[in-house]
Structures are given as C-alpha cells and as structure tokens.
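Report on the structure given below.
Because only heavy atoms are used, hydrogens play no part in the values below, and waters and symmetry mates are left out as well, while side chains stay in. Because the structure is predicted, anything quoted here is derived from the model rather than measured.
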Amino acid sequence: MDQNKVLKREVWLDGRQIPIDREDIWGFINNSRISKIIVTPEQRKLLCFPLKTTLITEISSLQDLEGVTPGEIVLAAQQELLLEAKGKGYLSCMAYDIQGQEALENSCQEAEKFDFIVIDFDLPTNIPLELLLARLQQGSTIILKRETTFEAAEVAFGVMERGSDGVVLATQDLNEIMKASDYLTKQDEYQIQLETLTVEEIRHIGMGLRACVDTTGIMTQDEGMLIGSTSTGGIFVCSETHYLPYMNLRPFRVNAGAVHSYIWMPNDKAEYLTDLKVGSKVLCVNTEGKARV
C-alpha cells in the first residue's frame with residue numbers, strides 16, 4: 001500500500017490567556033486533536049487535561065518547576081533561567097519578542113542553545129522569519145512562530161518553501177481553535193490505493209467467533225476498515241452506518257468478521273484482530289482511499 005502523509009507541523013495552543021472558567025473553550029480543546037498547550041503554573045494545577053496532552057509550562061523562577069517532570073517542556077523569556085532548567089533535565093523553549101535588527105541577530109546567535117524557540121515579531125511581515133530560517137535551517141532547534149489566526153499560521157508554514165516548524169496559536173476565538181484542530185486531523189490522513197473486486201462465490205465454512213472493532217470516534221457512510229487473511233491485502237469492510245431493519249446505526253463500529261483476520265493499522269502495519277486492545281490506534285479508510293487514524 002502506498003501511503004503519502006501531509007508534512008507534519010507543530011501546532012501549539014497558547015492557553016495562558018484563556019480564563020480558567022471558560023469551560024466551553026477548554027471542553028472543546030480537551031476533545032479536539034490539539035494536544036500541545038502552553039499553560040501557566042496556576043492553570044497546570046487547577047485545570048484537568050486528558051492523557052493525550054503535552055503541557056508546555058511557562059516559568060518565571062525555578063520554583064515554578066514544582067510538579068513539572070524532567071523531560072517535559074518549559075518555556076521562559078529569561079535565557080539564564082531556561083538554561084538552568086535545561087541543566088536539570090527539562091526540554092527548553094525560549095520565547096523571543098523580536099523588535100528590530102539587533103534583537104533578530106541576538107535570537108539567531110542564541111537559538112541553538114535551546115530545543116524550541118517561539119518567536120513573535122513587531123511587524124506583520126514574514127521577512128524577519130525568512131532571515132531567521134535562512135540562518136538556522138541547518139540547526140536542530142524547532143522554530144515556532146506566534147500567530148493569532150490560523151490563516152496567518154498557514155502563511156508561516158509556506159515561508160521560503162520550508163516555513164516554520166510550527167506555530168503557537170494565541171487566541172480565545174473558538175473558531176480559530178477549531179481550524180487548528182481540523183488541520184491536525186488532516187495531518188494524520190493517508191492515501192491508500194484501493195482496487196475494485198468481484199465476489200464470485202460464497203461458501204459456508206462453519207461457525208466461529210467474530211470481532212467487532214469499536215472506536216472512540218464516529219465514521220461516515222463511506223468509511224470503514226481494511227480486513228483480510230493475508231498480510232498483503234485486505235477487503236474494505238464498511239462501518240455500521242447503513243440502514244438495517246430493527247436496529248439503530250452504530251457509526252463507531254466495524255463488524256470485522258472472523259477473529260483470525262488481520263486489520264490494517266497506521267504506518268503500513270497489520271495486526272491480528274485479537275491483538276487489538278483498549279487504546280489501540282486503527283486505520284479508518286474511506287471508499288476513495290483516504291485514511292485517518
């Protein structure tokens with residue numbers, strides 16, 4: 001199967017300006033594809049996040065590291081503080097507010113000290129970003145640009161045909177946050193080449209156990225999963241989204257058939273249906289070959 005993925009970009013949500021009591025926004029975030037969120041130490045203590053979430057904690061002193069596990073990302077605007085945290089085993093993210101040529105030059109010289117940098121410019125033009133990318137393109141530091149709309153974020157992705165490695169979306173606008181979530185969903189899409197087959201014979205081969213694959217997502221009428229008895233090919237089995245008498249639709253389920261069969265998984269892998277367990281990630285495919293995790 002030929003699977004082509006969209007170029008992946010980092011998308012962080014800056015949650016620091018979102019009030020703790022905005023349950024509508026936090027509720028959407030927790031149930032969206034957004035998994036990387038910048039938070040204050042107070043937000044980290046008071047808000048609940050699902051296990052999928054990677055928190056980037058803003059720190060203004062070493063005391064803010066309390067409750068933050070080494071290996072997590074911490075963000076600061078003070079270089080010495082961040083380097084000290086890095087020495088203690090934390091991943092470092094430096095925040096640069098760049099105003100003028102001198103500040104841009106300093107950021108280019110310092111950036112490689114850190115694992116990540118978040119840059120914010122005083123002008124709407126992306127020329128400073130072009131200059132920074134040109135200087136740092138051979139380095140390993142991940143470059144994220146702060147934006148307030150997702151339209152501007154997509155522009156940043158295209159700068160110099162390479163773009164920033166990611167963006168930090170700073171907004172309380174739920175519509176913009178939804179656009180970011182939709183983008184992350186598309187990043188996980190695959191394209192698989194499907195072929196049409198003709199059923200020539202049906203035979204009864206005896207009774208056996210069957211498996212249903214229930215997901216924590218909803219499938220559409222043109223979606224299902226690839227199931228088969230060889231590792232080189234499977235059959236598209238549709239989701240239970242089509243009308244049957246006497247029962248309700250179950251758009252979260254594929255009736256996958258015999259338990260000995262393979263199911264196609266992300267990253268061009270196949271596993272037996274009996275190998276699936278709670279938390280397994282399976283491939284959902286539509287009739288045009290578009291697939292998502």
*Roughly how far, to the nearest 0.5 Å, is the CG atom of Leu91 from the CD1 atom of Ile56?*
10.0 Å

*Go through the steps to decide whether Glu147 and Val155 satisfy the test side-chain contact (heavy atoms from CB on, under 4.5 Å), and finish with yes or no.*
CA-CA 10 Å; Glu147 298 288 3; Val155 172; over 6 Å; no

*Test item: Thr141 side-chain N/O and Ala111 main-chain N/O as donor-acceptor pair under 3.5 Å*: yes

*Sort out for me which residue in Asn255, Leu273, Val282, Ile235 forms a side chain to side chain contact (heavy atoms under 4.5 Å, CB included) with Met225.*
Val282

*asked:* Check for me, please, whether Val167 and Leu184 land in the same ILVMFWY cluster - side-chain distances under 4.5 Å, paths through other members count.
replied: yes

_Leu104 with Ile143, same ILVMFWY side-chain cluster at under 4.5 Å_ = yes

*Taking Ser32 for its side chain and Ile34 for its backbone only, find out whether a donor-acceptor pair lies under 3.5 Å.*
yes

_Validation row: Ser229, His260 side chains within 4.5 angstrom (heavy atoms)_ = yes

*Would you say Asp115's side chain and Ser92's backbone share a donor-acceptor pair under 3.5 angstrom?*
yes

*For the residue pair Glu176 and Thr148, what are the closest heavy atoms and their distance?*
CG-O, 4.4 Å

*About how many Å separate CG of Leu81 and CE of Met94, when rounded to the nearest 0.5 Å?*
9.5 Å

*Heavy atoms of other groups near Lys281 NZ, more than 12 under 6.0 Å*: no

*Could you tell me whether the side chain of Phe157 reaches within less than 4.5 Å of the side chain of Ser164, counting heavy atoms only?*
yes

*Hey, does Phe236 have a side-chain heavy atom less than 4.5 Å from the side chain of Ile192?*
no

_Can you confirm whether more than 12 heavy atoms, excluding those of Ile218, are under 6.0 Å from its CD1 atom?_
yes

*asked:* How close do Ala180 and Val11 get, counting heavy atoms only, and between which atoms?
replied: CB-CG1, 4.3 Å

*Atom CD of Gln109 with >12 non-hydrogen neighbours under 6.0 angstrom*: yes

*Would you indicate whether the side-chain heavy atoms of Leu283 and Leu226 approach each other to under 4.5 Å?*
no

*Quick one: does Lys86's side chain have a donor or acceptor within less than 3.5 Å of a partner on Lys113's backbone?*
yes

_Donor-acceptor check, side chain of Gln172 to backbone of Gln17, threshold 3.5 angstrom: yes or no?_
yes

*asked:* Around atom CD of Gln78, are there more than 12 heavy atoms from other residues, nucleotides or ligands closer than 6.0 Å?
replied: yes

*Search all heavy atoms of Val285 against all heavy atoms of Ala291 and return the closest pair with its distance.*
CG2-CB, 3.9 Å

*Nearest heavy-atom neighbours spanning Leu55 and Glu72*: O-OE1, 4.1 Å

*Does a donor on one side chain and an acceptor on the other come within less than 3.5 Å for Tyr183 and Glu154?*
no

*Can Phe150 be reached from Trp12 by stepping across I, L, V, M, F, W or Y side chains whose heavy atoms are under 4.5 Å apart?*
no

_Aromatic ring pairing Phe114/Tyr96, orientation class (parallel under 30°, perpendicular over 60°, tilted between)_ = perpendicular

*If every non-hydrogen atom of Pro19 is compared with every non-hydrogen atom of Trp26, which pair is closest and at what distance?*
O-NE1, 2.9 Å

_Taking atom CG as the centre, does Asp24 end up with more than 12 heavy-atom neighbours from other residues, nucleotides or ligands that are less than 6.0 angstrom away?_
yes

*asked:* Donor-acceptor pair, distance only, cut-off 3.5 Å: does the side chain of Glu223 make one with the backbone of Thr241?
replied: no

_Glu271 with Lys269: basic N within carboxylate O range, under 4.0 Å_ = no

*Under the side-chain contact (heavy atoms from CB on, under 4.5 Å) criterion, do Met265 and Leu276 qualify, and how do the steps go?*
CA-CA 10 Å; Met265 308 289 280; Leu276 296 183; 3.8 Å; yes

*asked:* Using modelled atom types and a 3.5 Å cut-off, is there a donor and acceptor pairing between side-chain atoms of Glu10 and backbone atoms of Asp165?
replied: no

*Counting distance only, does the side-chain N/O of Asp173 pair as donor-acceptor with the main-chain N or O of Thr149 below 3.5 Å?*
no

*pair Ile227-Ile263: side-chain heavy atoms closer than 4.5 Å*: yes

*Treating Ile, Leu, Val, Met, Phe, Trp and Tyr as nodes and any side-chain heavy-atom pair under 4.5 angstrom as an edge, say whether Tyr272 and Val259 lie in one connected cluster.*
no

_Within this structure, what is the CZ-CD1 distance for the pair Arg146 and Ile98, rounded to the nearest 0.5 Å?_
13.0 Å

*asked:* Thr220 vs Asn286, test: side-chain contact (heavy atoms from CB on, under 4.5 Å). Steps then yes/no.
replied: CA-CA 8 Å; Thr220 60; Asn286 74 6; 5.7 Å; no

*Is any side-chain heavy atom of Arg16 closer than 4.5 Å to a side-chain heavy atom of Leu75?*
yes

*Cluster link Ile117 to Tyr90, ILVMFWY, side chain under 4.5 Å*: yes

*Is the shortest heavy-atom distance from the side chain of Glu66 to the side chain of Pro41 under 4.5 Å?*
no

*Go through the steps to decide whether Glu105 and Glu102 satisfy the test side-chain contact (heavy atoms from CB on, under 4.5 Å), and finish with yes or no.*
CA-CA 5 Å; Glu105 181 63 28; Glu102 183 178 351; 5.7 Å; no

*Separation between OG1 of Thr57 and CD1 of Ile37, rounded to the nearest 0.5 Å*: 11.0 Å

*Out of curiosity, Ser35 OG to Phe49 CZ, how far, rounded to the nearest 0.5 Å?*
12.0 Å

*Output the distance between atom CZ (Phe121) and atom CD1 (Ile119), rounded to the nearest 0.5 Å.*
3.5 Å

_Flag for Ser61-Gln63: side-chain donor and acceptor within less than 3.5 Å_ = yes

_Could you check whether any side-chain N or O of Thr185 sits under 3.5 Å from a backbone N or O of Ser181, counting only pairs where one atom can act as donor and the other as acceptor?_
yes

*If every non-hydrogen atom of Ile25 is compared with every non-hydrogen atom of Ile177, which pair is closest and at what distance?*
CG2-CD1, 3.8 Å

_So does Thr40 get a backbone contact from the side chain of Lys45, meaning a donor-acceptor N/O pair under 3.5 Å?_
no

*Leu13 versus Ile18: any side-chain heavy-atom pair under 4.5 Å?*
yes

